[in-house]
Every structure is written in C-alpha cells, then in structure tokens.
Trainee: 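Below is the structure I would like to discuss, written out as structure tokens.
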There are 2 protein chains.
Amino acid sequence: MKLGGERAERADAARNRQLLLNTVREMIAEAGVEQVTMDGLAERAGLGKGTVFRRFRSRAGIFHALLDDDERAFQERVLSGPPPLGPGAAPVARLVAYGRARIRFLLERHAVARAALDRNQPIPAGESTLSQIHLRVLLGQAGLDVPDVDSLAVQLTGALEGPILLYLSVPPRTDDARHIARLADSWQLLIERLCRPAAPERKGQAGQEG
Amino acid sequence: MKLGGERAERADAARNRQLLLNTVREMIAEAGVEQVTMDGLAERAGLGKGTVFRRFRSRAGIFHALLDDDERAFQERVLSGPPPLGPGAAPVARLVAYGRARIRFLLERHAVARAALDRNQPIPAGESTLSQIHLRVLLGQAGLDVPDVDSLAVQLTGALEGPILLYLSVPPRTDDARHIARLADSWQLLIERLCRPAAPERKGQAGQEG
DNA sequence: GCAATAAGCGGGGTAAAGTCCGCTTGCGGT
DNA sequence: ACCGCAAGCGGACTTTACCCCGCTTATTGC
C-alpha cells in the first residue's frame, strides 16, 4: 500500500542518510567544519560520492540538514516549552525571550550555520523561516498598529540573524562573546521600543525620500 | 620619489587593476555574474590567472572591489549630497532616507552583492561597515536614550541589509520588487517607532530570559 | 644610463564541488 | 516466489577556485 502517490523513502536510503549525518558530525567534532569535504565524507561513510550528493544536493545542504535536526528541538521549546520562550507569557516578553534564545542557538552552531549558507540559494540557515514565522505571529499577538506585519517580521529576522550570519568571523574572536551579550540586550531594547505605546502628544514627525 | 615608506602601486599593476575591473563589468553586462570565471576573466583581459588572484584575493574579492567603486559614489551622496540623504535634515529623517536609498542601492547591485559574500570571510558586501558607521552616527545625533548605540547600529544594519543579502533569490522573482517597496516602508516605520519619545505613563513592561 | 631589488606576472598544478549515466536493489503487485 | 521498475548507488569525469614558483620588469640610488 503506497500512500497518496508519494513513494516512501527506501529503507537503504534512510539508513544511508542517517549514516551520513552521523559521519559528518564525527568529522566536524574531530577536525572542524572546514575540513569536511564531499569526497572525504563519502569515503569515510563507505559510500559513493553520487550518493552523498543525491541525499543533500550540495555541500551547504549537508549543514542545512544538520541544522534542521537541532532546529526541530529548538522549535519544540518555543511551541510547548516553559514561558517566556514557550507559550504563556506576554507577546513582548516572548519576543525578547525568542531573540535571546535564537542568538544563543545560532552562536553555538555558528560554524555550521555559516557553512549552510549557499551562494546560489536564497534561503540560508536551517529553515530560516522559523524565525520569520514565529516573529510574525508574536508581532500580531502584540497588537501592534502597523500596516504590514509581514515585512516587519522579515526585517526583524534580519536584525536578529543577520549580524551573526553575516558579520561574525567564523573562528570567533575572543571578544565576539561580549558582542553577543550586547546584541541580546540591544534586541530587547529594540523590541520594547517598537512595541511600546505612542506618546499621547500630537506633534507629527515625518521623514520622506522619493 | 617614494612616499612615507609605502611603495606606491606600480604603474602596470594599477593599469591591470583597472583593466580587470572594466573587463569584469563587461562580462557581467553580457552574461551575468554567474558566468564570470577567473580563467575566463584572465584570458579575456589578456593576463595570467595568477595576476587576477594577486589583485583580488578571491573570486568574491573581485565583486567586493566592484561594489567598493560604486560605494564610494554612494557615500559621496550621503556625506555631501542634498538632504534628507545628505546632511541638513533631522537625524530621524536622514535615517529613513538612508535606509530607503541603501535598500535601492543593494537591490540594483543584488547579484554582485551576493557574489561578494565570501564563505570564509566575515565582512560581506563592499565595506559593509559603511552602513554600520553611518547608522551609528545618526542614531547618536537623534539623541536616543539607549545604553549601547553601537550594538543597536549593528543590529539595524542587519535589519537593513540582511533581508536583501540573505533571503532574496538571486535572479529576483517577479514579486520580489513588491517585497522591496514594503521593506522600505517597514524600515521607515521601524526607525520612527524606535526614535519616538516614550509615553509619559509609568507602567513598566519587561521580559527576561537567562 | 646602469645595477640592484622588490614587486608584478604567467600559466601549469592541485583539490574539491558538482554532474552523468550505466549498474544494482528494495519494494509493491500478482 | 517471482517480476518490473523506479529509486538508489557508485565512481569516473568536468569545471573552477585557488596555489606555487621561476621569470620579467618597473623603480630607485648611483
């Protein structure tokens, strides 16, 4: 019985996928992300190179898959863990908590996250839409009076993940850790200012450019 | 006559640098960024491959240099052009104008900007610090009451450039343009909310996570 | 001019990503 | 149990970024 036209993944394929993921984790632990090559991975796993590329379409795809694994656990904490990261706290508090947790998450997986960036693919790290969707929902719950919550969510995702994915050096310099703590505080400030109610005063302030 | 211990760039080197930049511009115009290879560029410029790598340390370095060129002109407009992008307008208005102009700038050079991202180097697009420094200065002038303007500037740079550098597909899909306009509006909203004065009311709102 | 020298130059060599295509094999149907 | 076949597999092949190192040439002091 096949289900809905979609053939299930073959047993050997599933086995090899797991084998490859385990192997790549070992290689990263031993020698770092930089040293992982497709040939090396294939050989170490006792498989052909074609197999590796079939499973993960590119080198970046491997790290993407690796990140997806961890991302699932993270998502679990967000969706059903204790507040303020999980449900039960006020939206603004959850936004702050999410940012802090996300910064930490990405920092701990920094090398992998950067390796998951693909020069030819738009979406970078493991289902980056996770952040975007979650921010989108919480912003909505916060009852912000803004015309376009979606775009704001995109932008805040950039504010949250951009610095780590783009500007951080890949063997982190010693003072990077301090930067991170400051980024987390700064995120909290940004969110709280964004969400706080308007001053009752009625002087209009505007900026424009064509 | 040599100046200050630093040997000036040799005449032939400078000529070749310019030749290479022109050649790469031609190649991009004819066939797109993707089709630019180091061998092809060297051959077309009538130079050796080693020369190309000596001038721009990597493939990304070429596009970085290309972007730097344009960036200089952009910086000119920011430092001494007409307001609100140039000096003379209120800081908040300039922040808004800068964001709009920067989004447009990056969008127009999207393919090059993405090609300038280097998997092994932290700093991405042509002197990305330009945005960071400028935002930093304007935030200071806006007289924000925040403890750490530097981190905020880093984060806003991410908000501004991250979406374009990370999430936008490289042959832009048709509806990407609409996204861009929305991003610009959203940027304005973000800045204005961030900079507006606090409501006088004293109800504290806070969020925390360890 | 001329020698000394350091920078620039060239192109063959290496390594690693990604492609191709014929062979093999698990799987579902009978 | 057997058959047909779509999916999986492997590894040679191609492409391309990047390295190396001996040769060439612009520059500077005499």
Side-chain angles (χ1 to χ4, degrees), chain A residues 1-21 23-24 27-28 31-66 114-121, chain B residues 1-21 23-24 27-28 31-66 112 114-121 170:
Chain A
M1 147 180 54
K2 73 174 141 181
L3 28 116
E6 279 295 300
R7 202 99 156 206
E9 188 181 40
R10 246 165 69 167
D12 52 351
R15 202 169 352 105
N16 284 341
R17 160 191 236 88
Q18 207 50 52
L19 170 63
L20 284 168
L21 285 179
T23 306
V24 84
M27 293 178 75
I28 291 176
V33 168
E34 301 291 315
Q35 298 304 315
V36 175
T37 73
M38 303 303 260
D39 289 303
L41 172 58
E43 187 180 3
R44 177 146 173 179
L47 299 172
K49 198 163 34 155
T51 306
V52 179
F53 276 94
R54 162 167 294 266
R55 294 258 64 92
F56 316 97
R57 309 182 32 119
S58 64
R59 187 187 129 99
I62 293 181
F63 299 107
H64 186 87
L66 229 44
R114 268 194 73 99
L117 292 174
D118 190 335
R119 200 160 69 255
N120 308 321
Q121 291 287 122
Chain B
M1 127 185 65
K2 71 173 145 182
L3 28 118
E6 278 295 299
R7 203 99 156 206
E9 189 181 39
R10 247 166 68 167
D12 52 352
R15 202 168 352 103
N16 282 342
R17 160 191 234 88
Q18 206 50 52
L19 171 62
L20 284 169
L21 285 179
T23 305
V24 84
M27 292 177 77
I28 291 174
V33 168
E34 301 291 315
Q35 299 305 315
V36 176
T37 73
M38 303 304 260
D39 290 305
L41 172 57
E43 187 180 4
R44 176 147 173 180
L47 298 172
K49 213 182 346 179
T51 307
V52 179
F53 275 95
R54 162 168 293 265
R55 292 258 63 93
F56 317 96
R57 308 180 34 116
S58 65
R59 187 186 132 98
I62 292 181
F63 299 108
H64 186 86
L66 227 47
V112 174
R114 267 193 74 99
L117 291 175
D118 191 335
R119 197 159 73 257
N120 308 322
Q121 292 287 119
V170 46

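Note on naming: letters A, B, ... go to the chains in the order of the sequence lines (proteins, then strands), and numbering restarts at 1 for each one.
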Trainee: What is the distance from CG of Asp118(B) to P of dA17(D), rounded to the nearest Å?
Mentor: 12 Å

Trainee: Give a yes/no answer on whether the side chain of Arg54(B) brings an N or O atom under 4.0 Å of OP1 or OP2 in dG8(C).
Mentor: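 Yes, because at least one side-chain N or O of Arg54(B) sits under 4.0 Å from OP1 or OP2 of dG8(C).
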
Trainee: Using five base pairs at each end to define the local axes, how bent is the helix from dG1(C)-dC30(D) to dT30(C)-dA1(D), to the nearest 10°?
Mentor: 30°

Trainee: Considering heavy-atom distances to DNA chain D, does Ala11(B) or Met38(B) have its closest nucleotide positioned more toward the 5' end?
Mentor: Met38(B)

Trainee: Residues of residues 41-50 of chain A with any non-hydrogen atom less than 4.0 angstrom from an atom of DNA chain D: list those, numerically ordered, please.
Mentor: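 Nucleic-acid contacts, sorted: Leu47(A), Gly48(A), Lys49(A), Gly50(A).
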
Trainee: Could you check which of dA17(D), dA17(C), dG10(D) has an atom nearest any side-chain atom of Thr51(A)?
Mentor: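 In terms of side-chain proximity for Thr51(A), the closest of dA17(D), dA17(C), dG10(D) is dG10(D).
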
Trainee: Round to the nearest Å and state the distance from Glu34(B) atom CD to dT16(D) atom C1'.
Mentor: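 Atom CD in Glu34(B) sits about 13 Å away from atom C1' in dT16(D).
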
Trainee: Could you tell me the separation between the CG atom of Asp12(B) and the C1' atom of dC9(C), rounded to a whole number of Å?
Mentor: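 Going from CG in Asp12(B) over to C1' in dC9(C) covers 8 Å.
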
Trainee: Check the distance between dA17(D)'s C1' and Phe56(B)'s CZ and give it to me in whole angstrom.
Mentor: 16 Å

Trainee: Can you give me the closest heavy-atom contact between Val24(B) and Leu21(B), atom names plus distance?
Mentor: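 Smallest interatomic distance, heavy atoms only, reads CG1-O, 3.2 Å.
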
Trainee: How many whole angstroms separate atom CZ of Phe53(B) from atom C1' of dC20(D)?
Mentor: 13 Å

Trainee: Of all heavy-atom pairs between Arg114(B) and Asp118(A), which one has the smallest distance, and what is that distance?
Mentor: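 Smallest interatomic distance, heavy atoms only, reads NH2-O, 3.1 Å.
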
Trainee: Send over the distance from Arg10(B) CZ to dC9(C) P, rounded to a whole Å.
Mentor: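 Roughly 6 Å, once rounded to whole Å.
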
Trainee: Given dA26(D), dC27(C), dA16(C), identify the nucleotide with an atom nearest to the side chain of Asp39(A).
Mentor: dA16(C)

Trainee: Would you indicate which nucleotide in dA17(D), dG8(C), dA17(C) comes nearest to any side-chain atom of Arg55(B)?
Mentor: dG8(C)

Trainee: By the 4.0 Å heavy-atom rule, please label Val52(A) as base, sugar-phosphate, or nothing.
Mentor: nothing

Trainee: Run the side-chain donor-acceptor check on residues 55-63 of chain B: report pairs under 3.5 Å with partners two or more places apart or on a different chain.
Mentor:
residue, atom, partner, partner atom, Å
Arg55(B), NH2, Glu9(B), OE2, 3.3
Ser58(B), OG, Ala60(B), N, 3.4
Ser58(B), OG, Gly61(B), N, 3.1
Arg59(B), NH1, Val36(B), O, 2.4

Trainee: Between dG8(D) and Asn16(A), is there an OP1 or OP2 to side-chain N/O distance shorter than 4.0 Å?
Mentor: no

Trainee: Remember a base hit wins even if backbone is also touched, and classify Arg59(B) as base, sugar-phosphate or nothing at under 4.0 Å, heavy atoms.
Mentor: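 Answer is sugar-phosphate: Arg59(B) comes under 4.0 Å of backbone atoms only.
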
